[in-house]
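Structure record follows, encoded as structure tokens.
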Amino acid sequence: MHTVLVTGGAGFIGSHLVHQLIGRGDCRVVNLDKLTYAGNSEAVAEVAGDRNYTFVKADVCDVDRVADLLKRHHCNAVIHLAAETHVDRSIAGPGEFVRTNVQGTFGVVEASKQYWSNLPADQRDVFRVVHVSTDEVYGSLGDDGAFDESSPYRPNSPYSASKAASDHLVRAYHQTYGLPTIITHCGNNYGPWQFPEKLIPVVIRQAVAQQPIPVYGDGTNVRDWIHVSDHCRALHQIWRHGRPGEVYDVGGGGERSNLDIVKTVCQSVDTVLGRSEPSVDQIQFVRDRPGHDFRYAIRGEKIRSELGWGPEVTFQEGIRETVAWYLDHRDFLQTNPLA
Ligand SMILES: Cc1cn([C@H]2C[C@H](O)[C@@H](COP(=O)(O)OP(=O)(O)O[C@H]3O[C@H](CO)[C@@H](O)[C@H](O)[C@H]3O)O2)c(=O)[nH]c1=O
């Protein structure tokens, strides 16, 4: 039996990871979450009563608290997802991103180091810290090429800069203290429970309400999309079989332009609701995001060849399921992103 401290386990990706880990039957999960606007206890309600699950409302910046939890629960891994994640919010207010993403990651690695360095040798060997980061640290691509683990860091937004800084701290803790850390970079996730500030839930909400669907700039920007369950499977593989000190980029092959995403989502909403007037007519091209990265693409060769991981959910199937989920959870869709 493993015991994993998941930070940010009430968030979008974190809650899916918590479900997967508990579902495996060989993991106890301690979910540390501050329950900020993007954290949602409802997303983990199904596991709340499970004997292998513990929820702790806490802040990753609190080193003593994190160290105490690791010790109290005899954790043998940390998967660190707690973060501020929305690029537009980071442009409006970068301070919270520096605090949560940089100071918070410091809290996690410092607490982990304190705990890990006092473990008996056999437990030190199996302990891992998996830091969940983003492909956005690599900056923006033109029409060709793809990121891989050797791509230079060129973050462009306050969000991606804060994630890049957090990566460097994690790397430094490995280089300096030998803490067994692994860094991951994933592309754009989609699926149930994604907060309605990100592109796909925004499109669903606006399409359903027959309101304008905002597309930044001309909609030609490209992102590499992955279903959240595939990402969580990758995180498990990386934790269990990845090599300490390494970086693994997660994804590959899911490139789509924003306009393509918007059209696919609109068609899916129209089909489920039996609409005759196409939702795409609601598209409104709006002012571009400042410093908007043009394109992200992940090669994904290392994780495929070293860990045998690849995505399983097709985009068509994933979008159909996601749209159906949001239409069944319209209250969540109405959550005020500015709250
Ligand atoms: C919310 C919104 C977004 N967009 C555009 C901006 C982007 O090019 C694209 C996706 O936007 P977002 O859903 O905000 O995601 P993006 O900025 O790519 O960043 C996401 O993907 C990253 C991984 O690439 C994660 O690290 C971030 O946490 C996550 O937020 O759609 C629109 O055109 N209209 C919108 O209303």
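Both counts, for ligands and for their atoms, begin at 1 and track the order of listing.
Selection from S157, S257, A83, P214 by nearest heavy atom to atom 34 (N) of ligand 1 gives P214. Across D218, N258, I213, heavy-atom proximity to atom 9 (C) of ligand 1 is greatest for N258. Proximity annotation for atom 2 (C) of ligand 1: of Y216, Y296, F294, Y216 comes nearest, heavy atoms only.
In terms of polar-atom proximity, L199 is counted as a contact of ligand 1, with an N or O under 3.5 Å from an N or O of the ligand. In terms of polar-atom proximity, defined here as any N/O pair under 3.5 Å, N221 makes no such contact with ligand 1. Considering backbone and side-chain N/O atoms, R223 comes within less than 3.5 Å of an N/O atom of ligand 1. Among the atoms of W225, none of the N or O lies under 3.5 angstrom from an N or O of ligand 1.
Nearest protein heavy-atom neighbour of atom 30 (O) of ligand 1: K198 CE, 3.0 Å. The protein heavy atom nearest to atom 11 (O) of ligand 1 is R289 NH2, 3.9 Å. Closest protein heavy atom to atom 20 (C) of ligand 1: N188 ND2, 3.5 Å. Of all protein heavy atoms, the one closest to atom 1 (C) of ligand 1 is E197 O, 3.3 Å. Of the protein's heavy atoms, Y159 OH, 2.6 Å lies nearest to atom 26 (O) of ligand 1.
Between Y159 and F97, the ring planes lie perpendicular to each other; the angle is over 60°, past the 30° to 60° tilted range. Between F12 and H16, the ring-plane angle classifies as perpendicular under the 30° and 60° cut-offs.
R304 and E301 are joined by a salt bridge, as a carboxylate oxygen and a charged side-chain nitrogen come within less than 4.0 angstrom of each other. Look at D62 and K34 and you find no salt bridge, because none of the NZ, NE, NH1 or NH2 atoms lies under 4.0 Å from a carboxylate O. Between E255 and R295 there is a salt bridge, with a side-chain nitrogen of the basic residue lying less than 4.0 Å from a carboxylate oxygen of the acidic one.
When non-hydrogen atoms are compared, ligand 1 lies under 4.0 Å from the side chain of V87 (C-beta onward) but not from its backbone. The proximity of T85 to ligand 1, defined as any non-hydrogen pair under 4.0 Å, involves the side chain as well as the backbone. Of the heavy atoms in H292, only side-chain atoms (C-beta onward) come closer than 4.0 Å to ligand 1. Under 4.0 Å from ligand 1, the heavy atoms of E136 that appear belong solely to its side chain. If you look at D135 next to ligand 1, the close heavy atoms, those under 4.0 Å, all belong to the side chain.
Ring centers of Y153 and H168: under 6.0 Å apart, within the cut-off. Ring centers of F147 and H185: at least 6.0 Å apart, outside the cut-off.
The hydrophobic clustering, which links ILVMFWY residues whose side-chain heavy atoms are closer than 4.5 Å, places W193 and F55 together. Under the 4.5 Å side-chain contact rule for hydrophobic residues, V30 and I13 do not share a cluster.
Using a 4.0 Å cut-off to heavy atoms of V215, the atoms of ligand 1 that qualify are 33 (O). Numbered from 1 in the order shown, with element, the atoms of ligand 1 that lie under 4.0 Å from a heavy atom of H86 read 14 (O).
Pairs passing the ring pair (Phe, Tyr, Trp, His ring centres under 6.0 Å) check and including a residue from residues 223-278, sequence neighbours excluded, read H2-W239, Y190-H227, H236-W239.
Residues E306 and I303 fail the side-chain proximity criterion, which asks for heavy atoms closer than 4.5 Å.
Looking only at distances, a side-chain donor or acceptor of D224 sits under 3.5 Å from a matching main-chain atom of G254.
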